[in-house]
Amino acid sequence: MIATLAPYLLALPLVAATPSPKSLSSSFSLLYQNDLNWTSATEHAGAILLEPRSGQAAVQSCAALSESLLSANGLHFFSDIASLLAYLSFQGRYPAEQEYWIAPASANTCTTITGGAKVKNSSCQRVLPVLCSQSAPYRVASLQDQDPRWRLSVGAEDLTVTGYRDHLSFRFLGIPYANTPKRFTYSTLYNGTQKSLNATDYGSRCVQIGTPGSEDCLFLNIFTPFIPGPETGAASLKPVMFFIHGGAFVGGSGNDAIYDGGNLASRGDVVVVNINYRLSSLGFLALSDGVTNGNFGIGDITVALSWVQKYISAFGGDPTRITIVGQSSGAAATRALLASPKAINKFSAAIPMSNLAGENYATSYSVYYTIAELQPIVIDPLLVATGCNMTDSAAVLSCLRSVDPNTLVDLPTAASFIVVDGTYVTSKQLPVDGSSPVAYVPIVTGIMRDDGSAFTGYPRTANVTREIAAVLSSPSAPEVQSSGLFPVPSGANATLDIFNVTARLSTDIGFRCLDQAHAISASDHNVFPNIWFYQFDRSYQTPAFNPNPPVCDAPITSTHPHGDPSQEYFKCHTGELHFVWGTLGQYQLPFRDANDLSFSQLVADSWTAFAHNHDPNPLSAYLSVRGYMNTLDVVENTDRWEPLTKRHDRALRIMNLPPRMTTFQEESQCKFLGLPSDYYD
Ligand SMILES: *[C@@H]1O[C@H](CO)[C@@H](O)[C@H](O)[C@H]1NC(C)=O
Ligand SMILES: *[C@@H]1O[C@H](CO)[C@@H](O)[C@H](O)[C@H]1NC(C)=O
Ligand SMILES: *[C@@H]1O[C@H](CO)[C@@H](O)[C@H](O)[C@H]1NC(C)=O
Ligand SMILES: *[C@@H]1O[C@H](CO)[C@@H](O)[C@H](O)[C@H]1NC(C)=O
Ligand SMILES: *[C@@H]1O[C@H](CO)[C@@H](O)[C@H](O)[C@H]1NC(C)=O
Ligand SMILES: *[C@@H]1O[C@H](CO)[C@@H](O)[C@H](O)[C@H]1NC(C)=O
Ligand SMILES: *[C@@H]1O[C@H](CO)[C@@H](O)[C@H](O)[C@H]1NC(C)=O
Ligand SMILES: *[C@@H]1O[C@H](CO)[C@@H](O)[C@H](O)[C@H]1NC(C)=O
């Protein structure tokens with residue numbers, strides 16, 4: 001049969017037109033058995049699944065993807081394909097006994113593999129689903145591969161979007177979701193005349209200090225395991241995880257490789273969307289002119305959500321199952337969206353991670369300024385610094401619009417605060433007491449055990465009183481010391497002993513006390529159908545953000561040259577990100593011990609379980625079918641992660657290996673600190 005196909009193959013143009021679901025009359029599924037062990041990622045071959053056709057058409061269709069039929073060889077071929085095909089049948093896409101076309105075992109035959117991974121000879125006339133090879137390579141960091149062989153085009157409403165694939169997923173990068181906004185106005189949904197989008201590389205980051213950016217930065221990135229075909233029904237669509245990056249509202253980008261969605265897409269069968277939104281004064285400046293009301297960055301995020309609702313089904317995402325996920329300032333944005341009249345109904349679940357709430361630096365992320373409050377602390381200094389303090393408000397705006405954007409974000413005073421603008425944000429804080437409407441969606445939220453330790457300086461003296469006073473003014477340092485609630489450990493290193501106390505205070509006043517109190521109040525007032533609360537007791541600090549080194553790193557020992565996570569160290573802000581995204585490999589970061597990999601699997605499986613089922617406990621049947629045995633072992637041998645139930649059940653999930661249930665931490669310390677006493681009666 002191959003012989004009869006040869007003339008057709010020779011007749012193919014050298015570079016075929018970019019394939020699309022329409023051109024091949026098929027959905028595209030990128031199947032990859034991802035155990036998140038990046039050191040052996042290239043030993044596992046993926047496959048592209050196409051919808052049923054004859055043996056001859058199967059060869060042609062794979063060729064149109066610059067591939068051939070999948071060869072039944074490779075180190076992990078049989079175990080990987082068995083899990084991948086079992087999952088197809090688990091999802092109801094094909095029966096367990098289905099046969100699929102693969103590469104012929106010998107000349108002049110057609111060959112199939114069964115759902116049970118048995119290879120068979122077959123008549124070429126049969127109409128069967130197709131497994132093509134998948135040759136696009138594994139990438140590290142943000143390097144993109146512009147080889148035209150990996151490209152594919154997707155028709156989405158009025159747009160044609162050309163992206164590509166890599167070893168892990170289909171990728172569509174740098175999609176403009178909004179029109180390039182006029183400075184200090186709200187963005188609008190993209191409706192540019194360019195309907196044919198080249199989405200093979202990231203778009204610009206938004207203007208920020210220290211790294212190049214542009215005001216033309218409203219791009220999003222999509223990572224998906226599945227592109228629907230012309231005949232695909234809505235039931236096949238995957239849940240969407242929509243990520244809002246952190247960076248104190250002055251930095252960061254959805255382009256950062258730590259948030260690369262390919263691992264979650266393949267491991268967790270979800271569609272990941274990462275976005276850029278405007279930052280610093282370009283994203284958040286409000287003026288008292290009644291028009292320039294701030295929150296442009298929040299407005300951008302709501303426009304990105306509208307884009308996702310409108311277009312994501314063409315990329316395999318289910319617009320009715322969007323989970324918004326945000327970390328740090330991204331968590332603050334997530335909470336603002338939970339109560340925003342512009343955003344409620346645009347998502348169905350939320351994961352605010354490490355939300356800042358409480359004293360000092362943490363306050364403004366959860367208690368928003370009014371524009372009047374911002375006047376003396378941000379608006380006046382900014383107008384003076386730019387020379388734009390004019391009486392006529394139109395002149396002020398036009399003056400501010402003429403300032404170089406990099407100059408604007410480099411000024412000593414930047415507007416980097418959510419404000420009560422009356423449209424996007426209508427209350428001083430997320431109303432966790434039921435006093436006004438909030439999106440009634442399930443929540444996973446929590447903190448790093450030592451979240452605040454990144455935000456307090458390392459002690460420069462051995463004077464505990466002075467160092468405590470530098471963290472908080474009330475209660476006074478002597479009161480804190482005499483309370484007995486924050487004892488100074490007596491280790492070998494005096495400054496480290498003091499840091500133990502200041503880091504603990506900083507975490508309690510900047511994260512733990514109010515995040516726990518908000519969860520209890522929301523639970524008591526039935527604000528959300530469910531809240532699952534966590535605390536990470538295992539972390540892997542991101543190299544790019546590693547304050548007070550080496551306190552956030554697992555100690556290096558002779559047996560653990562990359563650090564021993566079983567020893568004590570501070571579990572700092574951002575230390576969960578590599579685990580949530582499964583992206584240690586994007587930075588070629590080593591597994592420090594055998595548990596790092598299992599933990600990475602557990603976290604990814606829990607977060608994606610929440611996106612699928614609105615419950616972060618992965619289902620045993622799913623884990624077993626997918627061959628996720630480490631997570632299955634954890635799930636079967638530990639208590640379930642219980643949500644907070646009504647009336648002060650302070651259920652807390654300790655995220656470690658193994659995970660365990662306990663209750664909220666530091667409650668007497670929080671009460672002593674007055675954060676806030678009324679929730680703890
Ligand atoms: C990752 O895979 C490599 C190669 O198969 C193996 O040697 C290593 O033990 C694995 N790492 C972990 C943490 O299991
Ligand atoms: C398939 O057919 C070829 C050629 O007739 C034969 O050599 C091979 O053993 C057969 N394989 C199977 C799995 O039956
Ligand atoms: C694009 O949208 C903007 C804002 O919604 C609107 O003002 C403009 O007329 C639209 N342009 C086109 C070409 O539809
Ligand atoms: C798409 O953009 C990439 C990266 O900028 C470029 O290499 C490629 O040639 C572009 N493709 C088309 C079809 O314009
Ligand atoms: C801005 O200009 C007005 C009018 O000239 C003046 O009253 C005000 O003090 C100025 N504001 C600042 C912060 O300098
Ligand atoms: C420690 O700092 C406190 C507050 O600054 C100061 O009152 C006290 O004298 C200092 N103690 C010593 C031993 O320097
Ligand atoms: C105390 O610990 C800190 C943080 O790990 C370290 O930088 C410092 O060198 C240590 N000091 C001594 C005397 O060991
Ligand atoms: C802080 O001190 C307490 C009490 O000695 C100890 O249990 C804890 O492990 C210390 N924390 C860190 C991160 O070293």
Side-chain angles (χ1 to χ4, degrees), residues 142 156 159 161 163 169 171-181 186-190 197 199 201-208 211 213-224 239-262 264-265 270-280 282-284 295-312 315 317 319 322-338 340 342-343 346-347 349-353 418 424 577 580-581 583 611:
S142 300
L159 302 175
V161 187
S169 74
R171 305 160 66 84
F172 299 84
L173 309 179
I175 297 175
Y177 63 82
N179 300 307
T180 307
Y186 298 100
S187 56
T188 52
L189 193 65
Y190 179 81
L197 304 176
D201 206 351
Y202 291 112
S204 291
R205 303 165 73 91
C206 292
V207 176
Q208 56 194 273
T211 155
S214 163
E215 287 185 83
D216 179 10
C217 65
L218 300 185
F219 298 100
L220 57 75
N221 311 308
I222 302 171
F223 307 81
T224 179
V240 178
M241 295 181 82
F242 176 98
F243 184 67
I244 306 164
H245 70 78
F249 291 129
V250 294
S253 166
N255 302 354
D256 289 340
I258 192 168
Y259 313 129
D260 191 293
L264 284 193
V270 293
V271 175
V272 174
V273 176
N274 282 329
I275 63 160
N276 289 349
Y277 55 96
R278 279 174 287 171
L279 300 167
S280 189
L282 296 163
F284 292 91
N295 289 340
F296 305 111
I298 301 296
D300 295 341
I301 300 170
T302 65
V303 172
L305 277 168
S306 299
W307 193 98
V308 170
Q309 285 188 301
K310 180 171 179 188
Y311 292 104
I312 204 65
F315 300 88
I322 299 172
T323 297
I324 51 174
V325 188
Q327 183 264 346
S328 194
S329 56
T334 301
R335 286 166 48 104
L337 297 175
L338 281 166
S340 172
K342 291 279 205 178
K346 290 189 170 155
F347 53 88
I351 311 182
M353 310 197 307
I418 294 175
Y424 291 86
L577 289 174
V580 167
W581 295 95
T583 48

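Numbering of residues begins at 1 and proceeds along the displayed sequence. Note that the structure is a prediction, hence the values are computed from the model and not measured.
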Can you name the closest pair of heavy atoms from [X] and [Y] and give their distance?
X	Y	answer
V240	G317	CG2-CA, 3.7 Å
I418	N295	CA-OD1, 3.4 Å
A611	M241	CB-CG, 3.7 Å
Y277	L218	CA-CD2, 4.1 Å
S204	N276	O-ND2, 2.9 Å
A199	V161	CB-CG1, 3.6 Å

Pair F315 and F172, ring centroids less than 6.0 Å apart: yes
Aromatic ring proximity, centroids under 6.0 angstrom, F219 and Y177: no
Between [atom1] of [X] and [atom2] of [Y], what distance do you get to the nearest 0.5 Å?
X	Y	atom1	atom2	answer
W581	N274	CH2	CG	5.0 Å
I175	I222	CD1	CD1	3.5 Å
H245	D256	NE2	CG	7.5 Å
I324	I244	CD1	CD1	5.0 Å
Y186	F296	OH	CZ	5.0 Å
Y202	C217	OH	SG	15.5 Å

Is the backbone N or O of [Y] less than 3.5 Å from a side-chain atom of [X], with the two atoms forming a donor-acceptor pair by type?
X	Y	answer
Q208	G252	yes
T583	I258	yes
S280	V250	no
D300	R278	yes
S329	G247	yes
S340	Y424	yes

Side-chain contact test, heavy atoms from C-beta onward, threshold under 4.5 Å: evaluate it for [X] versus [Y] and give yes or no.
X	Y	value
V270	T323	no
T334	I351	no
L220	V308	yes

From CA spacing to verdict: ring pair (Phe, Tyr, Trp, His ring centres under 6.0 Å), F347, F242: CA-CA 9 Å; F347 53 88; F242 176 98; 9.0 Å; no
Atom NZ of K346: over 12 foreign heavy atoms under 6.0 Å: yes
Geometric class of the F243/Y259 ring pair [parallel <30°, tilted 30-60°, perpendicular >60°]: tilted
M353/L577 under side-chain contact (heavy atoms from CB on, under 4.5 Å): CA gap, chis, key distance, verdict: CA-CA 10 Å; M353 310 197 307; L577 289 174; 4.1 Å; yes
Reference residue R171; test side chain to side chain donor-acceptor pair (under 3.5 Å); the match among T224, D260, N221: D260
Intermediate values then yes/no, side-chain contact (heavy atoms from CB on, under 4.5 Å), L159 and Y190: CA-CA 10 Å; L159 302 175; Y190 179 81; 4.1 Å; yes
